[in-house]
There are 2 protein chains.
Amino acid sequence: MTSFADRTKRRLRDELLDAAQEAVVAGGYDGLRMAEVARRTGVSRQTVYNEFGDKWGLLEAVAARETERFLLDVNNAIAEQPNPIDGLRAAVERALTLAGENPLIKAALSQPGSDQASQLLTTRGQQVIELAHLRLGAHVREHWPEVPAEDATSCVDVALRVVISHIVTPGPPPAAVADQLARVLSPFLAESRRLHV
Amino acid sequence: MTSFADRTKRRLRDELLDAAQEAVVAGGYDGLRMAEVARRTGVSRQTVYNEFGDKWGLLEAVAARETERFLLDVNNAIAEQPNPIDGLRAAVERALTLAGENPLIKAALSQPGSDQASQLLTTRGQQVIELAHLRLGAHVREHWPEVPAEDATSCVDVALRVVISHIVTPGPPPAAVADQLARVLSPFLAESRRLHV
DNA sequence: ATGTTCTGTCCGAGCACTTGACATCAGAGG
DNA sequence: CCTCTGATGTCAAGTGCTCGGACAGAACAT
């Protein structure tokens, strides 16, 4: 169904992103050279600009792809738990674990010239919040329809911001944070549920 | 090192060959439609012609690729046996087994409009003989350098023609043929070796 | 001050693929 | 017998993407 040209374009994008990501992991934002990405992929420098506009666009695309993968993984963790509280705990733990192991996040946080990288993390944080809202909200609505949308939103919102904070400023182990959050938030959800039954 | 364009061209060729091979397996030579190959690959009909010239060229390319894979597999079987006689037996058995399981060969042999397909098998047979000569000859020279090149060539030649005959006209199980050939040919090789020590 | 390196932009040439048309041939059916 | 259909093979014009080279500007080191 999809034309060969379409698939090729996708592959080109993917390979460029691979090269770029590798460069960022190795040397941070400053270590990312447009010419190097082009060379590694076997393509002209111009082609990289055609595809991503400018260096910032390339970096953003790298982050977007990684974000999507990240969320996909976290979503799987949620889906395995029918109980929203357990889903919350699982998601938090998985997210923190993944973040701790992710070389791209490490690079963004630790590299010297990370003015840009941290800004990117903030931007991505916004996107993560939006996407995760949809997914987590749907999960709550599905299993606990009694809980009003507003309350579910509030709960998810708080959890996400705490998680992002823990990613940016690492602290206790993932499981501990997950338990803590679940303990703190579950009474709120449970009561909301009881009130609107 | 290789440019993205090169890799893409290779991939295009491969996908076209995949589609063509599938068509041949399903419907023989007559079942192979240029337009269908193009459609399945997501490319224009003209592109198929640009790549392979004409229908016969496409079919030949399919056969060539499959031949290469076939020989690669057989070569591995040979390489595992230091003793040339054992190598011969292993190669014969592997070749007949592979041929018996290969859908493309089955299609070429069983399809109705197989005037072309059988001719193709003949052509390929020639190529197989040439390539296998190089490989088998090298194997004998490596392990039994005493055997003159002419004798090794004769031995390999006979074996190859018998094998091809068994592929075209299936008979006893592969292992039986392999043993038979090994038994028949080994005295010749052994004596030649003894004489030229 | 000067040279170097990288970003970002522009443009002309080239190449592969697409599209549509056409000639030709074989088989099927009226 | 004639025609209609579907397939192969060829051609030319059009299109999009990529390439290569050149250039200006900014940051930085010597």
Side-chain angles (χ1 to χ4, degrees), chain A residues 1-24 26-62 111-117 119-120, chain B residues 1-24 26-62 111-117 119-120:
Chain A
M1 222 35 158
T2 61
S3 79
F4 181 79
D6 290 344
R7 270 172 288 153
T8 298
K9 191 138 190 76
R10 247 164 224 248
R11 203 177 298 275
L12 170 60
R13 224 185 134 81
D14 255 17
E15 294 194 20
L16 289 173
L17 289 177
D18 288 343
Q21 180 157 346
E22 197 174 332
V24 170
Y29 181 81
D30 293 340
L32 176 61
R33 301 289 151 81
M34 303 299 272
E36 179 68 8
V37 169
R39 199 189 59 77
R40 295 278 275 255
T41 312
V43 96
S44 78
R45 197 166 60 93
Q46 182 61 36
T47 299
V48 184
Y49 280 96
N50 289 345
E51 189 64 33
F52 299 103
D54 56 13
K55 187 171 174 176
W56 182 254
L58 172 56
L59 189 66
E60 233 184 6
V62 169
Q111 286 298 334
S114 62
D115 287 355
Q116 287 86 348
Q119 179 181 349
L120 176 136
Chain B
M1 219 37 148
T2 61
S3 79
F4 180 79
D6 289 346
R7 270 172 288 154
T8 298
K9 190 133 190 79
R10 241 169 230 270
R11 203 178 306 271
L12 170 60
R13 224 186 134 81
D14 255 17
E15 295 194 18
L16 288 173
L17 289 177
D18 288 343
Q21 180 157 347
E22 197 174 334
V24 170
Y29 181 82
D30 293 339
L32 177 62
R33 302 287 152 81
M34 303 299 273
E36 179 68 8
V37 170
R39 200 189 58 78
R40 294 278 277 254
T41 312
V43 95
S44 78
R45 197 165 60 93
Q46 183 61 36
T47 300
V48 184
Y49 281 96
N50 289 344
E51 190 64 32
F52 299 103
D54 56 13
K55 188 171 173 176
W56 181 255
L58 172 56
L59 189 66
E60 234 185 6
V62 169
Q111 285 298 333
S114 62
D115 286 355
Q116 287 86 348
Q119 178 180 350
L120 177 136

Atom-pair distance (CZ on B:F52; C1' on D:dG9), nearest Å: 16 Å
Side chain proximity check, A:R13 to A:F52, heavy atoms < 4.5 angstrom: yes
Considering all heavy atoms, the nearest B:V37-B:T41 contact: O-OG1, 2.8 Å
Distance in angstrom units between A:K55 NZ and D:dA27 C1', rounded: 12 Å
Atom pair distance, as rounded to whole Å: CD in A:E36 and C1' in C:dT5: 14 Å
Distance, rounded to the nearest Å, where B:D30 contributes CG and C:dA26 contributes P: 14 Å
Distance in angstrom units between B:L12 CG and C:dC15 P, rounded: 18 Å
Residue among A:R39, A:M34, A:E36 satisfying side-chain contact (heavy atoms from CB on, under 4.5 Å) with A:V48: A:M34
Nearest-nucleotide comparison on DNA chain C, the residue closer to the 5′ end among A:D54 and A:A5: A:D54
Interatomic distance, B:R39 CZ vs C:dT19 C1' [rounded to whole Å]: 18 Å
Whole-Å gap separating P (C:dT5) and CE (A:M34): 19 Å
salt_bridge(A:E51, A:K9) N-O dist < 4.0 Å: yes
Near-strand residues of residues 44-51 of chain A, defined as heavy-atom separation under 4.0 angstrom from DNA chain C: A:R45, A:Q46, A:Y49
A:F4 CZ to D:dG16 C1', straight-line distance once rounded to whole Å: 16 Å
Contact check, side chains of B:R7 and A:R11, non-hydrogen atoms, under 4.5 Å: no
Sugar-phosphate only, base, or nothing, as touched by B:L58 at under 4.0 Å among non-hydrogen atoms: nothing
Residue pair A:T8, B:F4: steps toward the side-chain contact (heavy atoms from CB on, under 4.5 Å) verdict: CA-CA 10 Å; A:T8 298; B:F4 180 79; 3.9 Å; yes
